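Report on the structure given below.
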Protein chains: 2
Amino acid sequence: MQSIMHSAQQTAGLSHGMIARPPAPDALDLLEQFGSSVTVRREHEIHGQGDSAEHCWRILTGCVRTVRLMEDGRRQVGEFLFPGDIFGLDDVAIHEFAAEAVTDVKLRRYPRRMVEALAESRPALARRLRALTLNNLHIAHERMMLLGRKTAMERLASFVLEMDRRSATPGRAMLDLPMNRTDIADHLGMTVETVCRGLAHLKREGALAICRSGVELHDRRYLRDLACEPRH
Amino acid sequence: MQSIMHSAQQTAGLSHGMIARPPAPDALDLLEQFGSSVTVRREHEIHGQGDSAEHCWRILTGCVRTVRLMEDGRRQVGEFLFPGDIFGLDDVAIHEFAAEAVTDVKLRRYPRRMVEALAESRPALARRLRALTLNNLHIAHERMMLLGRKTAMERLASFVLEMDRRSATPGRAMLDLPMNRTDIADHLGMTVETVCRGLAHLKREGALAICRSGVELHDRRYLRDLACEPRH
DNA sequence: CGCAGGGTTGATAGCCTTCAAGGTCTGTGG
DNA sequence: CCACAGACCTTGAAGGCTATCAACCCTGCG
């Protein structure tokens, strides 16, 4: 469930490139020598849908979404990604999804060829990459159940809890949601209006409060029951 | 009963028309020495949801479905699998889905530990396994779009075309569908009744005919347009 | 022949979308 | 500091798609 560890510095307004490293050594650190830093401004594209899959990225700060468009404009947001998350690694030749900056983001970019080559000689890295892909597959399976079988309210509750788990401070009442309602709707297979009404309902039920750019979680039990996730 | 004849190399990435050739060497053949044959009767379980992931399987003949249940009984059919397909390889510790025989099936079963160990020393096998996982992820992404953004009719058209592509004889008019309507419904996030009505509608439109245990495809263009898959 | 299970069709209900309008927030410029 | 514009958010009303409930059909089988 927990992918690569979220670096705790997401919130910190660190100056320049000063990023506090996670203490534990990680096979992914092997990539650093081939990485280059990239900054992308809010709402700008990192790579397009159908682009040649020449690079992958790791998020240092900010939030990224992966997006896919059908020809008639229907939109699917695949994932929201946060500091520590890696994307662009699971596409063979071209990127199935576009990647866009939800907030201003700082990234490290790695050439896929280098990554693959390095993995050939470093089993630990190869295992790490495989674990990333398997985790993404696990997430996709969860989402299939969500999209295929859950109601709008259940999807919303699941979404809020997942965002909490993936946030820099899971368990805190305050939960930042940097994406807008349209993004949430396209992530959950709903409309903007239904997302709004659902959140309003959760507010009336006392499960959460709606803040400036996020929510305050008041009743996790209620949300978990609603989301059909009794565990934890 | 033509499900027996699904080409064994469909997961090998070979083009669809080539069936008669002598079997191309496949890294997966390395597993054979550790395999054991298993037969499972129609509607019986191969492994349960939550079972320890000690084995993976390759289908020789028949059709398998992967199934996941929510606590209140809601059901999601993850995949329908056919000869040549491999399953049970993408779960880390326990199987997220159960696997059940749609028809009588003949399988080869491989111990996961052996597979993983062999992959350590055989890069070709490791790449092959990674390709399988990536392909499954690709399929999951397609299904997210289907479940999140397509209408019932579009899902049905997509389903029929996918079954055709994965059949032993893609492009043939006759298409066997060994699974029942409930399975199709739970695969597409619909109800049995909506599946029936959708098929009846496609029949009225002249897109297909409904046979004993399958369909006869009459208007692929119509289906492709409906499924939002203009390519091919 | 009767039964059982799956398939099909009809009627109704409800959830969610669509369409519409107003509200709120934020950044900008006077 | 205030006014304003635009984007985003929220809420209301109506409609449509799909689920639900119900009945019937069809087929295979003991």
Side-chain angles (χ1 to χ4, degrees), chain A residues 41-44 63 65 70 72-77 100 102-104 146-160 176-205 208-215 226, chain B residues 1 42-43 63 65 70 72-77 100 102-103 146-160 176-205 208-215 226:
Chain A
R41 299 202 71 85
R42 180 181 143 79
E43 293 300 318
H44 283 233
C63 175
R65 64 174 175 252
M70 287 172 61
D72 58 5
R74 277 177 284 185
R75 184 170 175 265
Q76 169 84 25
V77 170
E100 301 167 355
V102 172
T103 64
D104 290 352
L146 181 145
L147 294 173
R149 284 297 177 221
K150 288 188 183 178
T151 67
M153 289 305 303
E154 291 167 348
R155 294 180 202 194
L156 261 183
S158 299
F159 171 74
V160 170
D176 188 46
L177 296 176
M179 68 294 293
N180 62 32
R181 299 289 189 260
T182 304
D183 287 341
I184 297 175
D186 289 340
H187 183 55
L188 300 179
M190 305 161 49
T191 60
V192 186
E193 295 91 334
T194 305
V195 170
C196 280
R197 279 186 256 267
L199 287 175
H201 182 78
L202 290 178
K203 179 178 161 191
R204 280 194 300 274
E205 294 290 322
L208 52 75
I210 298 173
C211 308
R212 275 256 304 89
S213 169
V215 294
L226 191 53
Chain B
M1 270 289 278
R42 178 182 144 79
E43 292 301 319
C63 175
R65 63 175 175 252
M70 287 172 62
D72 59 4
R74 278 178 283 185
R75 183 171 176 264
Q76 168 85 25
V77 170
E100 300 167 355
V102 172
T103 64
L146 180 144
L147 293 173
R149 284 300 179 218
K150 288 188 181 178
T151 67
M153 289 305 303
E154 291 168 348
R155 294 179 200 194
L156 260 183
S158 299
F159 170 74
V160 170
D176 188 45
L177 296 177
M179 69 292 294
N180 63 32
R181 299 290 190 260
T182 304
D183 287 340
I184 297 175
D186 289 339
H187 183 55
L188 301 179
M190 305 163 47
T191 60
V192 186
E193 294 93 333
T194 305
V195 170
C196 279
R197 277 186 257 267
L199 287 174
H201 182 79
L202 291 177
K203 179 179 162 190
R204 281 194 301 275
E205 294 290 322
L208 53 75
I210 298 173
C211 308
R212 275 260 302 94
S213 170
V215 294
L226 191 53

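What you see is a predicted model; the values in this text were computed from it and never measured. First the proteins, then the strands, lettered A, B, ... as listed; each starts at 1.
- Here B:Gly198 lies out of heavy-atom contact (under 4.0 Å) with every strand.
- Judged by distance alone, with hydrogens and angles left aside, A:Arg197 brings a side-chain donor or acceptor within reach of the base of D:dG12, the pair sitting under 3.5 Å.
- In this structure, the CE atom of A:Met179 is 11 Å from the P atom of D:dC9, given to the nearest Å.
- Side-chain contact between A:Arg181 and A:Met190 is absent, with no heavy-atom pair separated by less than 4.5 Å.
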Problem set entry | salt bridge (charged side-chain N to carboxylate O under 4.0 Å, His left out) evaluation trace for B:Arg42 with B:Glu100 | CA-CA 8 Å; B:Arg42 178 182 144 79; B:Glu100 300 167 355; over 6 Å; no
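- The side chain of B:Thr194 places an N or O atom within less than 4.0 Å of a non-bridging phosphate oxygen (OP1 or OP2) of D:dA19.
- Atom NE2 in B:His201 sits 13.5 Å away from atom OG1 in B:Thr194 (nearest 0.5 Å).
- Here the nucleotide nearest the side chain of B:Ala200, chosen from D:dC9, C:dT17, C:dT9, is C:dT9.
- Computed from coordinates, the A:Ile210 CD1 to C:dC25 C1' distance equals 14 Å when rounded to whole Å.
- When the nucleotides C:dC16, C:dT9, D:dA19 are ranked by their closest atom to the side chain of B:Cys196, C:dT9 comes out on top.
- Side chain B:Glu193 to base D:dC21: a donor-acceptor pair is found below 3.5 Å.
- Counting to the nearest Å, the P atom of D:dC8 and the CG atom of A:Asp183 are 9 Å from each other.
- At least one side-chain heavy atom of B:Arg75 sits under 4.5 Å from a side-chain heavy atom of B:Thr182.
- Atom C1' of nucleotide C:dT17 and atom CG of A:Asp186 are separated by 13 Å, given to the nearest angstrom.
- Atom pair A:Lys203:NZ and D:dT10:C1' shows a separation of 10 Å (rounding to whole Å applied).
- We find that CD of A:Glu154 is positioned 12 Å from C1' of C:dC15, with the value rounded to whole Å.
- Contact check for B:Leu226 versus B:Leu202: side-chain heavy atoms found under the 4.5 Å cut-off.
- Atom CG of A:Leu147 is separated from atom P of C:dC16 by 13 Å (rounded to the nearest Å).
- Comparing A:Val195 and A:Arg149 against DNA chain D, the residue whose closest nucleotide sits nearer the 5' end is A:Val195.
- We find that CZ of B:Arg181 is positioned 19 Å from P of C:dG5, with the value rounded to whole Å.
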